Amino acid sequence: MMFESKRLHPAAILFNLIKTVREFLFAIVLGFITFRDESLFYFGLIIAVLLVVFITASILSWYRYTYRIEEEELRIEYGVFIRKKRFISKNRIQSIDLTSGVIHRIFKLTKVQIETAGTGTSAEASLSAVKLEEGEALREELKSSTFYSPDDEETAEQSEETFPSAKISFKRLFIAGTTSGGAGVVLALAVAGFSELEQFIPDQYFDNTIEWVIGLGVIILIVMGVFLLLLLWLLGIAGTMIKYGNFTITKNHEELFITRGLLEKKQVTIPLKRIQAVGIQESIIRQPLGYVTVFAEIAGGSMDKGEDFSSILFPIMKRSELEGFLETFLPDYAGLQHELTPLPKKALKYYVLRAAVPFLLLIAVVATLIPSFLWIPIVLLIVGGILLGWLRYKDGGFAINGRRLTLRYRVLSRNTILLYQKRVQAFEKKQHKVQSLQNLATAHFSIVGTMGAGKHFTIKDLEESKTDELSDWYSRRKDGE
């Protein structure tokens, strides 16, 4: 059925329209602000004309967009006035992901995203709306190749039964939400949204609201603040549970297959050969509780997935379960090194000084706005700067195990990175004058990351001899290969 030209589901017209309106949204809002007091009728007329144009363009784009599989290639033809053809060989396809948003799930549709080794900021091909069974059939057809075919159906069934899988429980998902720090993200989005909407609020209502808030008692303000923080915390929990609900990871031959999402269901394929490094992250909240997040740095790919720059392999698990997870899904990265080469004691003062910089900026802000409360950031500087700097110093280190390297560092969360010699694209030794006097140096590693961009890992203020040891390990890469 894939050898005949097919069109997308008519719901693609709606998705094209939404995408077009979103691209012009800033201009529409700017026009409304400019003409809201006068000439509003003409502005509305222009919007109506544009809407008709957008709908017509969306219908034509849907009608002119066709796809089919022919001669081991996915062939796509599109374009209203200028006809374009795109041929994607099955051998070049790295991953095929299915995403089903709320509208998709209502109509039992899915979005198919196809990525190749050369994929950049957007997917190589994106079918915005196809029937779910057609999307799954298309994925299976494109993933099939001449070099892999089971001997018979019985062999295929046996291999399918042995695929290891792990699913997150509701309890773990709830813990992930409560310790995710999502409240800060929600607060930042709320502040950004309010700053944009503030100009639409009449000055009279805005001033009256400010006077009313100032007139409230201190206790009421504290209660309101606590209630707001509690609400943001609950929203952060809900966001995490919606994003990672039903999270399941399955190892299928040379691929990791991840399914997640309650409202928007995502099915992501990660070829093992594209994994450049595996990371274990422990946030300040989760580390004392013994929980970690496992992620991977993937070469290539695109940002169309809505993913972060790193791909989450499992949102949360006990530290004691980590070794078993790696042995099952990523055996090449199993065997964690717990004893690392630490940072020298003379590096501690530099870590504390660097960590104190944000607190110094806080002092400057508070001293300008409310100088009577200057003692508060001074305490934060002393306690927070020393504690954060000490944690960064204590957690920094590395370990070499044959061709594999373990790096550990902290920004706010503690990160442990596992990578192989052959994945390191560049190594750089940095040393400024102060470090030179102390026989210290900084080690800087680079690998290929999302969209083909570089991903960098840095450990500062190592003993210079240890940095040279890392340099020798990297320079022997060709001999090791």
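Keep in mind it's a predicted model, so treat the numbers as computed, not measured.
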Looking only at non-hydrogen atoms, find the nearest pair between Y65 and S126 and report the distance. OH-O, 3.4 Å
Apply side chain to side chain donor-acceptor pair (under 3.5 Å) to S413 and S283, showing your working. CA-CA 4 Å; S413 301; S283 68; 5.0 Å; no
Any donor and acceptor pair, going by atom type alone, linking the side chain of R414 with main-chain N or O of E282 inside 3.5 Å? no
Should the ring pair F457 and Y409 be called parallel, tilted or perpendicular, given that the plane angle runs from 0 to 90° and is split at 30 and 60? tilted
Would F427 and F445 count as a close aromatic pair, with their ring centres under 6.0 Å? yes
Below 6.0 angstrom between ring centroids: does that apply to H253 and F163? yes
Is any side-chain N of the basic residue among R68 and E77 closer than 4.0 Å to the acidic one's carboxylate O? yes
With salt bridge (charged side-chain N to carboxylate O under 4.0 Å, His left out) as the criterion, how do E141 and R139 come out once you've worked through the C-alpha distance, each side chain's angles and the decisive distance to 0.1 Å? CA-CA 5 Å; E141 179 65 29; R139 180 176 61 184; over 6 Å; no
Using a strict threshold of under 4.0 Å (side-chain N to carboxylate O), is an ion pair present between R354 and D461? yes
Can a salt bridge be assigned to the pair E4 and K6 using a cut-off of 4.0 Å between side-chain N and carboxylate O? no
For the residue pair L98 and G135, what are the closest heavy atoms and their distance? CD2-O, 4.1 Å
Of E72, E73, E140, E70, which meets salt bridge (Lys or Arg N to Asp or Glu O under 4.0 Å) against K90? E72
Between T248 and T259, is a side chain to side chain donor-acceptor pair (under 3.5 Å) present by the stated rule, with each step listed? CA-CA 5 Å; T248 305; T259 303; 5.9 Å; no
Counting C-beta onward and ignoring hydrogens, is there a side-chain heavy-atom pair between P10 and W62 closer than 4.5 Å? yes
Ionic contact status for K108 with E133, cut-off 4.0 Å: no
Any side-chain donor-acceptor pair under 3.5 Å between H104 and T110? no
Within a reach of under 6.0 Å around CD of E254, are more than 12 heavy atoms found that belong to other residues, nucleotides or ligands? no
Within 45° cone and under 6.0 Å: R7 NZ/CZ vs Y63 ring: yes
For G396, does its backbone N or O pair with a side-chain atom of R408 as donor and acceptor, under 3.5 Å? no
Is it true that the NZ or CZ of K251 lies under 6.0 Å from the centre of F257's six-membered ring and within 45 degrees of the ring axis? no
Would you call F24 and F54 a side-chain contact if the rule is heavy atoms closer than 4.5 Å? yes
